[in-house]
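Take a look at the structure below.
Below, read A as the first sequence line, B as the second, and so on, with proteins coming before strands; counting in each chain starts at 1.
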There are 2 protein chains.
Amino acid sequence: MAQRPTIKTIAKETGLSTATVSKALNASPQVRPRTRDKVLQAAKELGYELNISGVQLRTGKTYQIAMITVIASPDDDEWAGVGYTQLISGISRAIEHTPYRVVQHQVASFDDSFEVIKRIVQNKKADGIIISGTRANDPRISFMQEQDFPFVTYGTSDASAPHAFVDTDNRRIVTICVERLLSKGHRRIAMINAREELNYTQNRIEAYKAALSKAGQTFDPSLLAYGRLTPAFGREQLFEMSMFDEPPTAYICANEATAMGVLSGFQVRGMEHGRDAVVIATDDLNVSQYFSPPITTCYLPISKPSETLGKFMLDLIGGEDPINLQKLFVPDLIERGADTCNLERQ
Amino acid sequence: MAQRPTIKTIAKETGLSTATVSKALNASPQVRPRTRDKVLQAAKELGYELNISGVQLRTGKTYQIAMITVIASPDDDEWAGVGYTQLISGISRAIEHTPYRVVQHQVASFDDSFEVIKRIVQNKKADGIIISGTRANDPRISFMQEQDFPFVTYGTSDASAPHAFVDTDNRRIVTICVERLLSKGHRRIAMINAREELNYTQNRIEAYKAALSKAGQTFDPSLLAYGRLTPAFGREQLFEMSMFDEPPTAYICANEATAMGVLSGFQVRGMEHGRDAVVIATDDLNVSQYFSPPITTCYLPISKPSETLGKFMLDLIGGEDPINLQKLFVPDLIERGADTCNLERQ
DNA sequence: CATATAAAATTAAACGTTTATATTTTGAGT
DNA sequence: ACTCAAAATATAAACGTTTAATTTTATATG
């Protein structure tokens, strides 16, 4: 093969001008069907493929979707449940048959993520941005809104203007979990959360308080923990809380990595699941069925929200109004035990 | 802010031509230090940033590193230990302060991965390619070698010509594990492997056989299993093998997801780790310390090989000979128990 | 101080595409 | 057949960069 074919090659081949070829390839109404077919035919025969840098230079379109991932340090690679893999994987699947690609921009902190976003927006380095780890009052969101730059968030925010987002319905999850545990007789329910500044953590707390108050139960802030959702964190919290005068009889974990840590803590402390306390989690990898013992979870296959993330991004670039691109997924409750325990001591 | 500054802006600002500006920015020896400083100064003041599509169009350089990931289907998202996240994360870290970006190309099968690689190579859509899941006789590798396209593999191959690679020393791992188990008195040692066509699976089997034969033990092929390394697969294998007339007393798992599945099988079958059999695994997330019970593993933090992957890619693009870009990492054995069990029945 | 030479700068073209503007072709209406 | 508007196509410039070829400037040499 000599040179990679360009629209020039097609022009020469068909006897048309490059302008017409370009228009034909872009399905412009200015070119009549007959010539369009001729061009398409030639393009196919020559094995023509659009050179994106040409387009990019001329129009500014990049066909890149920037995915911002925040990973503090190598040791942050410690398993924290669903990683960005599954997220990116779902997005990739959604854009599979388009010319778009996912480009990962990894940063070490929230502040860095803001810097990177500024650069991407100002230098038009991507056609759209996807972020996760949204905060209650997220400056990145207001920035992108001001600059009128397309973005979708994985996670909600409390931004005044509406924006495209996908998330798990965390309020719902927590409500379901707390109500279930209350109905089983639990009165000391711990909740192990992600970092406090994340919007979804706030949502979970609100739902937790609301469910308790609806049942006439008092709220004890010492039963709430905040941190990075790793097994280590779960275990630490179990160690700490199980020493309380009135220890929790149930632990609601924000992900399965943390739940695994809590169970590991059980084993170290000689506690038994279902006798001394129970653990229930939010799960998007469906892995807690393999825990020893398996635990009850609110399960939402990560593939669903992540594919939607990609789809929303395409729609947004296509000009759709963000207000129509908002979705909360409701997980299924999968019971894997009675989740009662020796509650008579209360 | 008016327009994004280009070299033209700098040229106007400094009174030089765009050619000189370009050369100055690229540290060409054709421009004298004094003017270079002037240009750099102006660039800084103007907040100039290189427009990659311009470069790309002119030179063909893309500043993209293509990472090919094979994910068969959404349900493939099931946890299979270390995902691509950690891999991409390490690569990203290695190229952090360069203009390079990682672009993920997700495909559904091995064959598709080959197709994508062909397109990337032929249309020069990236400056280099990183692949994993290398096979014993991998056609993708020979293709990229023929086309003289820069690539690094995560995993070894048996290609005749040398190529850049990073991998865990799987022979070593298996040798260590088998010898350890033999010395503890185990005679029926099962090994749960990844798919048979993967080169590292072959390496593991060779090492397994060699270690047995060195100890004068016979090799029983029914103790070997091949499949996708998920918890489900591990559990299935435990169910199957534990029904043998002479069941294994030890299971060597190729990753921790599978090990978790085996342990889950123990619990279902009423078996007890350390009494009826033991499990040891290869681990790159350091998560098996949180299993109930924690198990002995060969641990290698995934951050190490993945960063090397990125570094090798840069070196390769920089013109380094692939023969100098090959590395096998040797994991640490972390003992988390005696790993003996009731062996008198043998 | 003229001259040869080396060093430093400039000019101009090119990469592949799109698009505003100009030109030609087509076909309908008389 | 002729006119004229509409439709289809062509021309040419531009996006930001690099680089071969060329010109200008500085430096060394006798």
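When rounded to the nearest whole Å, the span between NZ of B:Lys12 and P of C:dT10 equals 14 Å. The distance from atom NZ of B:Lys125 to atom P of C:dG16 is 13 Å, rounded to the nearest whole Å. As rounded to whole Å, 13 Å separates atom P of D:dA14 from atom CG of A:Leu57. One can place CD1 of A:Ile7 at 12 Å from P of C:dC15, the figure rounded to the nearest angstrom. In this structure, A:Asn26 atom CG and C:dG16 atom C1' are separated by 13 Å, rounded to whole Å. D:dC15 atom P lies 17 Å from atom CG of B:Leu50, rounded to whole Å. D:dT25 atom P lies 14 Å from atom CZ of B:Arg34, rounded to whole Å. If you measure from atom CD of A:Gln56 to atom P of C:dG16, you get 15 Å, rounded to the nearest angstrom.
Cation-pi geometry between A:Lys44 and A:Tyr48 is not met: the NZ or CZ atom fails to fall both under 6.0 Å from the ring centre and inside 45° of the normal. B:Tyr63 does not carry B:Arg101 over the face of its six-membered ring by the limits of under 6.0 Å from the centre and within 45° of the normal.
Counting only heavy atoms from C-beta outward, the side chains of A:Ile95 and A:Val102 approach each other to under 4.5 Å. In this structure, the side chains of B:Tyr154 and B:Thr134 stay at 4.5 Å or more apart for every pair of heavy atoms.
The 12-atom threshold is not exceeded at NZ of B:Lys304, counting heavy atoms of other residues, nucleotides or ligands nearer than 6.0 Å. Within 6.0 Å of the CG atom in B:Asp148, the count of heavy atoms belonging to other residues, nucleotides or ligands does not exceed 12.
As judged by a 4.0 angstrom heavy-atom cut-off over every strand, A:Ile52 is placed among residues making no nucleic acid contact. Here B:Thr6 lies in heavy-atom contact (under 4.0 Å) with sugar-phosphate atoms only.
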Going 5' to 3' through nucleotides 7-13 of chain D and flagging B where a protein heavy-atom sits under 4.0 Å of the base, S where only the sugar-phosphate is that close, and - otherwise, we get -SBBB-B

Would you list the protein and nucleotides 4-6 of chain D atom pairs, both N or O, that sit under 3.5 Å from each other?
none

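Residues B:Lys118 and B:Glu115 are paired through a salt bridge, judged by an N-O separation under 4.0 Å between the basic side chain and the carboxylate. A salt bridge links A:Glu49 with B:Arg119; the closest basic N to acidic carboxylate O contact falls under 4.0 Å.
Proximity of A:Tyr63 to the phosphate of C:dT17: no side-chain N or O atom is located under 4.0 Å from OP1 or OP2. Within the structure, every side-chain polar atom (N or O) of B:Lys8 is placed at least 4.0 Å from both OP1 and OP2 of D:dT17.
The line from OH of A:Tyr84 to CD1 of A:Ile130 is 12.5 Å long, rounded to the nearest 0.5 Å.
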